[in-house]
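In this text the structure is predicted, and so the values were computed from the model without any measurement.
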Amino acid sequence: MTNCGPNKYDVVGSFLRPAKLKEAREAFAAGTLDATALKAVEDECVTDLIAKEKTAGLRFITDGEFRRATWHLDFMWAFDGIGHAATKDGLPFHDEAAKIDDTFLTGKVVLTTEHPFVEHYRFVAQFEDEQTTAKLTIPAPAQFIEQFIMPMNREATEAHYADDVALEDDIVAAYGQFISQLYAAGCRNLQFDDCSWGCLVDPKAEMFFGTDQAGLARIKEQLLRINNRVLDAAPADLRINTHVCRGNFHSTWACEGGYDGVADALLANEHVNAFFLEFDDERSGSFAPLASVPAGKQVVLGLITTKRAELENKQAVIDRIHEAAKYVPLENLCLSPQCGFASCEIGNKLTEEQQWAKVALVREIAEEVWG
């Protein structure tokens, strides 16, 4: 069964890693556990997660990103021309530095073998049934190119590409190869995760990108163009949705700002099937930019936070759904947490029990609103 989705109650994709999995990955990194033994633990933990997803009533099953260190970088590392190394400084988030690997170009971006995420998808797909469909989450093409055009990576990028046009062309080609592999494996539901728009709307955007307002306008055009080039080349029956947020690391955030400045590009003109949008606090701005969403396109409101354990007030969330319905018809709205529970393997600051209570609340509210 292939469900096009999204469902009226949904999740973004990542879940808290169980202690057994964290311990196994640490042992593998230390050289005391081999790859075969690590995969066995991963397989066991993913299988258990999928059972919990089904028990929670989720219509889309994922591997929780259990085989990754981060939501985006592991995907990049599987391409030729991408290098990474342990970071000294990390990325600046609101309350702490995100200690994830520095990732940079070492050559031309090419996909020469089957991407490992294809096998990750196959493992999940074996558990599909009449009620559930496997979904894979990957960074958006815009997120991919953003990694290499920011000031921290400019020197390495310019050593291999004379201009960003050539880099964009290679990334588009590499995504095309990956999507062909994934489609051949049977995937019909793919999600692009994309924090690049959150960086663009932040008051510090000029500093982030090392440019001025005119430069930011060109970058906005570039991000929309690269996403749409990949989306337009994908098979017509491959459902591709996108998730947009402002950073999620150990319950901290990286950016702030409403969607107003990118609504004309992202919301009005990105060729995805549906938007998963972060709206869990004031950093996301108002619902007014939703007026730019084309008629008939679905919006999944990320009104339940994954950053805190406390459960939201049910009526307050329902009221916000109806507020959003002033801009997008209620029948085209859905509900989810604002992001994953563990965009990086460190996870957010809540327990697995609290995580599933959040998922249950999303379902309870959605069933009350939409039946």
Side-chain angles (χ1 to χ4, degrees), residues 1-7 9-25 28 33-72 74-75 77-78 111 113-139 175 177-193 234-241 243 273-274 276 336-337 340-343 345 347 352 355-356 359 363:
M1 174 182 178
T2 299
N3 180 2
C4 290
N7 195 31
Y9 54 91
D10 218 323
V11 295
V12 171
S14 68
F15 285 95
L16 295 171
R17 278 52 157 184
K20 181 175 185 177
L21 177 59
K22 286 187 174 183
E23 291 166 3
R25 287 181 61 86
F28 177 74
L33 189 73
D34 64 23
T36 300
L38 173 62
K39 184 179 183 302
V41 175
E42 290 175 341
D43 288 353
E44 176 187 343
C45 291
V46 170
T47 301
D48 180 62
L49 171 68
I50 291 171
K52 291 176 179 176
E53 289 175 317
K54 291 184 176 184
T55 298
L58 296 175
R59 298 293 303 278
F60 295 97
I61 52 176
T62 75
D63 63 6
E65 301 176 6
F66 278 10
R67 304 181 197 272
R68 313 181 201 181
T70 73
W71 62 278
H72 59 322
D74 298 64
F75 178 80
W77 299 338
L111 184 60
T113 59
E114 182 177 274
H115 196 289
F117 280 28
V118 177
E119 183 56 36
H120 297 177
Y121 165 78
R122 290 192 188 100
F123 187 86
V124 176
Q126 69 179 309
F127 296 100
E128 288 185 333
D129 55 33
E130 292 184 353
Q131 300 299 320
T132 57
T133 299
K135 177 176 82 170
L136 182 70
T137 62
I138 65 170
Y175 266 77
Q177 289 175 284
F178 169 78
I179 287 174
S180 292
Q181 294 174 359
L182 188 65
Y183 186 84
C187 183
R188 297 297 182 269
N189 199 292
L190 181 63
Q191 180 177 300
F192 285 169
D193 293 327
D237 62 338
L238 175 62
R239 179 84 173 189
I240 304 181
N241 303 320
H243 163 249
N273 294 105
F276 285 71
S336 77
F341 291 92
S343 299
E345 56 189 333
E352 289 186 55
Q355 164 186 266
W356 291 109
V359 175
R363 180 179 180 177

Quiz item: Can you name the closest pair of heavy atoms from Pro6 and Phe276 and give their distance?
Solution: CB-CZ, 3.8 Å
Self-check item: Check: Ala69 main-chain N/O paired with Asp74 side-chain donor or acceptor under 3.5 Å
Solution: yes
Practice problem: Locate the shortest heavy-atom distance separating Glu128 from Tyr121; write the atom from each residue and the value. | Solution: OE2-OH, 4.1 Å
Practice problem: Quick one: list whatever passes side-chain hydrogen bond (donor to acceptor under 3.5 Å, both in side chains) with Arg68, sequence neighbours left out. | Solution: Thr137
Exercise. Give a yes-or-no answer on whether the side chains of Gln131 and Lys54 include a donor-acceptor pair shorter than 3.5 Å.
Key: no
Exercise. Indicate the atoms forming the closest heavy-atom contact of Pro235 with Ile179, along with that distance.
Key: CD-CG2, 3.9 Å
Self-check item: NE2 on His120 to CG on Asp63, rounded to 0.5 Å
Solution: 7.0 Å
Quiz item: Taking atom CG of Asp43 and atom CG of Leu38, what is their separation to the nearest 0.5 Å?
Solution: 9.5 Å
Quiz item: Atom CZ of Phe28 and atom OG1 of Thr36: how far apart are they, to the nearest 0.5 Å?
Solution: 9.5 Å
Practice problem: Over all heavy atoms of both residues, which pair between Gln181 and Thr113 is shortest? Give the atoms and the distance, please. | Solution: NE2-O, 3.3 Å
Practice problem: May I ask you to test the Thr47-Phe127 pair for a side-chain heavy-atom distance under 4.5 Å? | Solution: yes
Self-check item: Nearest-0.5 Å distance that lies between atom CD1 in Ile61 and atom OG1 in Thr133
Solution: 7.5 Å
Exercise. Would you name the heavy atoms of Ala78 and Pro116 that are closest together and state the gap between them?
Key: CB-CD, 3.5 Å
Quiz item: Is any side-chain heavy atom of Phe192 less than 4.5 Å from a side-chain heavy atom of Ile138?
Solution: yes
Quiz item: Nearest heavy-atom pair of Ser14 and Glu65: which atoms, and what distance?
Solution: CB-OE1, 3.5 Å
Quiz item: Within the side chain of Arg239, is there an N or O that forms a donor-acceptor pair under 3.5 Å with the backbone of Leu190?
Solution: no
Quiz item: Taking only residues at least two apart or on different chains, which pairs with a member in residues 9-24 satisfy salt bridge (Lys or Arg N to Asp or Glu O under 4.0 Å)?
Solution: Lys20-Glu44
Quiz prompt | Short side-chain to backbone donor-acceptor contact, Asn273 and Ile240, under 3.5 Å | solution = yes
Practice problem: Could you pull out all residues at least two apart from Asp34 that satisfy salt bridge (charged side-chain N to carboxylate O under 4.0 Å, His left out)? | Solution: none
Quiz item: Rounded to the nearest 0.5 Å, how far apart are OG1 of Thr62 and CD of Glu53?
Solution: 4.5 Å
Exercise. Could you grab the distance from atom CZ of Phe66 to atom CG of Leu21, nearest 0.5 Å is fine?
Key: 6.5 Å
Exercise. Let me see the working for Val12 and Asp193 under side-chain contact (heavy atoms from CB on, under 4.5 Å), right down to the final yes or no.
Key: CA-CA 9 Å; Val12 171; Asp193 293 327; 4.3 Å; yes
Exercise. Would you please name every residue forming a salt bridge (charged side-chain N to carboxylate O under 4.0 Å, His left out) with Arg25, sequence neighbours left out?
Key: Glu42, Glu345
Exercise. Apply ring pair (Phe, Tyr, Trp, His ring centres under 6.0 Å) to His115 and list each qualifying residue two or more places apart in sequence or on a separate chain.
Key: Phe75, Phe79, Phe117, Phe178
Quiz item: Should Phe15 and Trp356 be marked as a ring-ring contact (aromatic ring centres under 6.0 Å, His included) after you check the CA-CA gap, both sets of side-chain angles, and the distance that decides it?
Solution: CA-CA 9 Å; Phe15 285 95; Trp356 291 109; 4.9 Å; yes
Quiz prompt | Residues that Glu119 engages under side-chain hydrogen bond (donor to acceptor under 3.5 Å, both in side chains), provided they are two or more places apart | solution = Arg122
